[in-house]
Amino acid sequence: MPRKHTVLEFLRALFRGHTYDIRRNSYIIFGILWGIPIPIVTIGIGLHCLGETATVTNIVNHVVAYPINIFFIFHPLIFGIVFGAMGTIRADEETQKLIYEKNIIDKNEELFNTNARLRELDKMKDTFLSMVTHELKNPLATVKGYISFLKTDKESGVLSAVQKHALRVSEDQIDHLDYLISELVDLSMVRSGKFDVEIVLTDLTDTINKVIERFSGIFDKNGITFEKRIPVSLSMVMADPKRIFQVINNLLENAAKFTESGGKVTVGVEDKDKSILFRVSDTGIGIEKENLDKIFDKFYQIGSYKQGSGLGLGLAISQNIIEKHKGGRIWVESEPGAGSTFFFEIGK
Ligand code: ADP
């Protein structure tokens, strides 16, 4: 059963000039050729049955005597029209296909150009990022040097309490700025493929204790209980101690940032058979399930409690660092409202 759509298409084609245009529509010739044998065969059989020869007079007489033959005589024409209509439908389909293909080619070209432009912009952004971060780092080091000079230089005279406070605040702010710029430098290195770790055989006990020491004052000040569960000594492991320091530092920084006063932060280290497992737990705000993977993306900060003090790069860089270690992986488990535990593991 032809579909209604096909029938309508056929009827519409009957009213189109293309259906009857023998120069453009070769289907008509095919139809006529297909129809020619029909009157020949039907009239031939008629004449044969009457025992008459196929002369023009006999044929004309036969057609007059049996007018149904007129219908057969018109068959080449009818077939020509029917095939012509099919040719029109086919030509329409071909045109549609060509338009469609051209559209795809155009869109592809557009996409290709947009892609090239985006890549170019991305490259420009990376160059800009790398240039700016390096340009920012140098003056910062000078300012830092002067602050430390003012704090310690005896010849400048004794500093008043207000002056000391101003210098302390400036130093804190500069340290924070330095931290943010370092993150941008790292990102720029990651993006240019130059981010590397210096893996050496090392005992991480010292590294861990150094970070913890840095934070115990901060936790105290923020009213957060701090607990460490670390073995007295750890097996030697292939790692970059500076970068591991950076990862633990980042995890503790986040734990401090997202835990209210009265909460608790725990650092745990487990010396396992084939790896060393680190854990930083907090009883802070926690993370919704749908954000657990996203927080490791560059610049991702959870909207509802976006903190002004970070760039959303720490975890992305930490992941990069850990995955550059043998068997390294980092992940998080969390319960909104109850707290989070960040784990990372490096192979022995
Ligand atoms: P930053 O801390 O600079 O924003 P990070 O990459 O370290 O960047 O963290 C990304 C985001 O992950 C944070 O902005 C925060 O939304 C979420 N996050 C990280 N650590 C914690 C945590 N301990 N508790 C709750 N949310 C966290």
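In each ligand, atom 1 is the first atom listed, and ligand 1 is the first ligand listed. Both backbone and side-chain heavy atoms feed into the values below; hydrogens, waters and symmetry mates do not. In this chain, numbering begins with 1 at the start of the sequence shown. Predicted, not measured: the structure shown is a model, and the values here were computed from it.
- The contact set between ligand 1 and Leu313, taken as ligand atoms under 4.0 Å from a residue heavy atom, comprises 6 (O), 8 (O).
- Those atoms of ligand 1 that come under 4.0 Å of a heavy atom in Ile287, given as number and element, are 25 (C), 26 (N), 27 (C).
- For ligand 1, none of its N or O atoms has an N or O atom of Ala255 under 3.5 Å away.
- Salt bridge annotation for Glu227-Lys264: present, with a cationic side-chain nitrogen under 4.0 angstrom from a carboxylate oxygen.
- A donor and an acceptor atom, one from each side chain of Asp186 and Gln246, are located under 3.5 Å apart.
- Looking at Glu253 against ligand 1, nothing comes within 4.0 Å, counting heavy atoms.
- No donor-acceptor pair under 3.5 Å is formed between the side chain of Thr266 and the backbone N or O of Ser281.
- Residue contact check: Gly312 has heavy atoms under 4.0 Å from atoms 1 (P), 3 (O), 4 (O), 6 (O), 8 (O) of ligand 1.
- The proximity of Asn250 to ligand 1, defined as any non-hydrogen pair under 4.0 Å, is limited to the side chain.
- Using a 4.0 Å cut-off between charged side-chain N and carboxylate O, Asp21 and Arg16 make no salt bridge.
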Contacts under 3.5 angstrom, residues 27-43 side chains, donor-acceptor by atom type, not counting sequence neighbours:
{"from": "Tyr27", "atom 1": "OH", "to": "Arg90", "atom 2": "NH1", "distance (Å)": "3.2"}
{"from": "Thr42", "atom 1": "OG1", "to": "Ile38", "atom 2": "O", "distance (Å)": "2.8"}
{"from": "Thr42", "atom 1": "OG1", "to": "Pro39", "atom 2": "O", "distance (Å)": "3.2"}

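- Every atom of ligand 1 is numbered from 1 in the order shown, and the set under 4.0 Å from a heavy atom of Leu311 is 3 (O).
- A side-chain donor-acceptor contact under 3.5 Å links Tyr179 and Asn250.
- Between Glu120 and Lys123, no side-chain nitrogen of the basic residue sits less than 4.0 Å from a carboxylate oxygen of the acidic one, so the salt-bridge criterion is not met.
- Salt bridge status for Lys144 with Asp175: present, with a side-chain N to carboxylate O gap under 4.0 Å.
- By the 30° and 60° cut-offs, the orientation of the rings of Tyr146 relative to Phe149 is perpendicular.
- Near Tyr300, the atoms of ligand 1 lying under 4.0 angstrom from a non-hydrogen atom of the residue are 10 (C), 11 (C).
- Using a 4.0 angstrom heavy-atom cutoff, Gly284 does not count as in contact with ligand 1.
- Considering backbone and side-chain N/O of Asn254, one or more are found under 3.5 Å from N/O of ligand 1.
- At a 3.5 angstrom cut-off on N or O pairs, Ile302 counts as close to ligand 1.
- When non-hydrogen atoms are compared, ligand 1 lies under 4.0 Å from neither the backbone nor the side chain of Phe296.
- Contact atoms of ligand 1 toward Ser340: 24 (N) (distance under 4.0 Å to a heavy atom of the residue).
- Using a 4.0 Å heavy-atom cutoff, Lys257 is listed among the residues neighbouring ligand 1.
- A donor-acceptor pair is defined here as one N or O able to donate and one able to accept, closer than 3.5 Å; such a pair exists between the side chain of Ser192 and the backbone of Met189.
- Atoms of ligand 1 lying under 4.0 Å from any heavy atom of Ile295, numbered from 1 in the order shown and given with element: 10 (C), 12 (O), 17 (C).
- Geometrically, ligand 1 and Phe342 share no nitrogen or oxygen pair separated by less than 3.5 Å.
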